[in-house]
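So the structure is just underneath, and the comments pick up after that.
The model shown is predicted, which means the values in this text are computed figures rather than measured ones.
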Amino acid sequence: TMDPAKFSRKLWGARKQLILMLAPLLLLPLLFVVPPKEGKCLYVVLLMAVYWCTEALPLAVTAMLPVCLFPTMGILPSKKVCPQYFLETNFLFLSGLVMASAIEECGLHRRIALKVLKIVGVKPAWLILGMMITSSFLSMWLSNTATTAMMLPIANAILESLFGNLETLKENCKDKSDPEGDSRVKMHVLPCEKQVLTTENTSEQKNLEEVRREAEYQMKVWKGFLISIPYAASIGGTATLTGTAPNLILVGQLKSKHDERAAAEAKAKAVIDEDYKKLGPIKFAEGSITFLFIIFAVLLFTRDPKFVNGWSVFFTKGYVSDAVTGVIIISILFFFPSQCPSLRWWFDSRASNTPYVPLLSWRKAQESVPWNIILLLGGGFAMAKGCEESGLAVWIGNHLQPLAQVPPAVAVIFITAFIACFTEFASNTATIIIFLPVIAELAIRVNVNPLYFMIPATTGCSYAFMLPVSTPPNSIAFASGHLMVKDMVKTGFVMNILGILCVSLAVNTWGLHMFNLHTYPDWARPLNASSATVATHAIATMNMTG
């Protein structure tokens, strides 16, 4: 007989294959319990959720499952599924990633990173706060996707400046014995700006266990740093909501070994100052990309600002979107010169014929853009389309009717929690378009102001923190390769609970007075008003108020 420990190890080794085979079988009862078309769609959604959470298949391959499952199961024809993989949002996403690769190519992100380090200092807690405030401020004006794509290269440069090479850090995290008895390890300063925070202490060197503990702490800071950016971008101007979650990992060891860290931080600060001086004045390529980035931001903001006419009025209404702006700007990157052009060169016969180099080459863009994440994003859109067209979302919405029996304040918590969970697997826009009419109908039935249920639901749609596919900023952070799905699920779960509680508190305190939620509005009063009309009016009201 096989030893149980060995058998469990074999099971663990084959876990992905087992999940691949068992998950479709275990979910089969759904096809018989739930109405036919809705059941099939729920089957596909849950199957993809299991595969995404366990990574039984590569994420991009799971994202492509709707292309084969939706048409074969009769949920949606392939001509409707396939276009979801390259919607205009994907083009905006691609534009942000190409712009980010141009910033990396010319080294502008390193200059910004070192400047941020000089201003904020090298304490991880302050750095996380600084980056989150910057991200949330930017995402008030730019899309969350573009903000995250811009901020992550800067974050990685800062982290490398503080902790050195990521591979070295991962190696140090491993629990390894030292057969040769050489239990002392020296942490040397890496080339360029890559300064290890825990540098060699001449009086007493750390043993392997201390180095491992320190490396584990630094890895937690690294992950917390990366995960905080998409969260701050998703929440927009309310960075304080996320203030505690990423910082939880910092509490442990900040007070211990204070003097040793202070010396290391001082040394790191000196290296950062020196590296910033080495960069010299801003180069032509850096200035050009900065200018194009500012133009990109201004064009995104001024296209249709709502309170005044934007530049989109010069074109046919509804024809121009943010994707158009993005593609125009990144196209310029591929032909704009990286060296300052000179008229004298044309008239100087002795001047050398230097090759023309644009700000960004297609080869570099091809290497640095994570194309698999674009498929992942498309999979999210395809899933949302399936939920909408199959009637699954309406079927789920109808099951919310028992909420009419509970007190409105409790119903708000349930609705926000449900929407926050659903939006993990569907796009924010699709979720809110689908559920607002249902929630409006529910509010009218219990005779409360529809906005009292709908504002928390709309806000809850932004709380897509738990999966890489939940929202494009999460996808971009995940594309860095330093985060695992379980990292996002653990942190995102706490973030969701905090977000739900904050929204419930807000809508039951100052929200009541801000939106007059304690009164029943005239626009919801007519008996013949459909829930869709109410939802439309509610969306317009929310747009006007913020």
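- Expressed to the nearest 0.5 Å, how far CG of D487 lies from NZ of K220 amounts to 10.5 Å.
- Shortest non-hydrogen contact noted between L292 and I329 is O-CG2, 4.0 Å.
- A distance of 12.0 Å separates CE of M99 from CG of L94, quoted to the nearest 0.5 Å.
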Steps toward side chain to side chain donor-acceptor pair (under 3.5 Å) verdict (Y231, N474): CA-CA 8 Å; Y231 287 178; N474 291 12; 5.7 Å; no
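- Under a 3.5 Å cut-off, the side chain of S331 and the backbone N or O of V327 do form a donor-acceptor pair.
- Using modelled atom types, no side-chain atom of R303 and backbone atom of T325 make a donor-acceptor pair closer than 3.5 Å.
- Of the possible donor and acceptor atoms, one in the side chain of T72 sits under 3.5 Å from a partner among the backbone N and O of L69.
- The structure places CZ of F414 at 11.0 Å from CD1 of I500, a figure rounded to the nearest 0.5 Å.
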Please step through side-chain contact (heavy atoms from CB on, under 4.5 Å) for the pair V61 and Y51, ending with a clear verdict. CA-CA 10 Å; V61 177; Y51 286 171; over 6 Å; no
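- Checking side-chain atoms of E38 against main-chain N and O of W395 turns up no donor-acceptor pair under 3.5 Å.
- To the nearest 0.5 angstrom, M21 atom CE is 14.5 Å from K16 atom NZ.
- F336 has its side chain out of reach of L360: every pair of non-hydrogen atoms, C-beta onward, lies at least 4.5 Å apart.
- Y319 has its side chain out of reach of V324: every pair of non-hydrogen atoms, C-beta onward, lies at least 4.5 Å apart.
- In this structure, CG on L26 lies 12.0 Å from CG on L46, to the nearest 0.5 angstrom.
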Derivation and outcome, side-chain contact (heavy atoms from CB on, under 4.5 Å), residues Y85 and V67: CA-CA 10 Å; Y85 286 82; V67 177; 3.5 Å; yes
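- To the nearest 0.5 angstrom, N90 atom CG is 9.5 Å from Q84 atom CD.
- Judged by a 6.0 Å distance limit and a 45° cone about the ring axis, R9 is not positioned over the six-membered ring of W12.
- Counting heavy atoms from C-beta on, the side chains of K385 and L76 come closer than 4.5 Å.
- Inter-residue side-chain proximity for V485 and P468 is flagged as met; some heavy-atom pair is nearer than 4.5 Å.
- Scanning all heavy atoms of the two residues, the minimum distance from A477 to P230 falls at CB-CG, 3.6 Å.
- Scanning both residues, D304 and S312, for their nearest heavy atoms gives CB-OG, 4.2 Å.
- Between V507 and L512, every side-chain heavy-atom pair lies at or beyond the 4.5 Å cut-off.
- Taking each heavy atom of V50 and A23 in turn, the nearest pair found is CG1-CB, 4.0 Å.
- Side chain of T423 to backbone of C461: a donor-acceptor contact under 3.5 angstrom is found.
- Looking at K37, its side chain never comes within 3.5 Å of a backbone N or O of S390 through a donor-acceptor pair.
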Going through the distances and angles, do Y452 and N508 end up as a side-chain contact (heavy atoms from CB on, under 4.5 Å)? CA-CA 9 Å; Y452 182 66; N508 286 301; 2.4 Å; yes
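- Atom CZ of F334 is surrounded by more than 12 heavy atoms from other residues, nucleotides or ligands within 6.0 Å.
- A side-chain donor from one of E88 and S321 sits under 3.5 Å from a side-chain acceptor of the other.
- The side-chain heavy atoms of V45 and C387, taken from C-beta on, include a pair separated by under 4.5 Å.
- M48 places a side-chain heavy atom less than 4.5 Å from the side chain of M383.
- When all heavy atoms of P408 and F453 are compared, the pair lying nearest together is O-CE2, 3.7 Å.
- At least one side-chain heavy atom of L359 sits less than 4.5 Å from a side-chain heavy atom of S288.
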Audit row: K80, E389, side-chain contact (heavy atoms from CB on, under 4.5 Å) steps and yes/no: CA-CA 10 Å; K80 282 192 178 180; E389 296 266 340; 3.4 Å; yes
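- Residues P71 and P77 share a closest heavy-atom pair of CG-C, 4.4 Å.
- Ring pair Y463/F465 is parallel by interplanar angle, where below 30° counts as parallel and above 60° as perpendicular.
- For W371, the side chain to side chain donor-acceptor pair (under 3.5 Å) criterion is met by no residue, not counting sequence neighbours.
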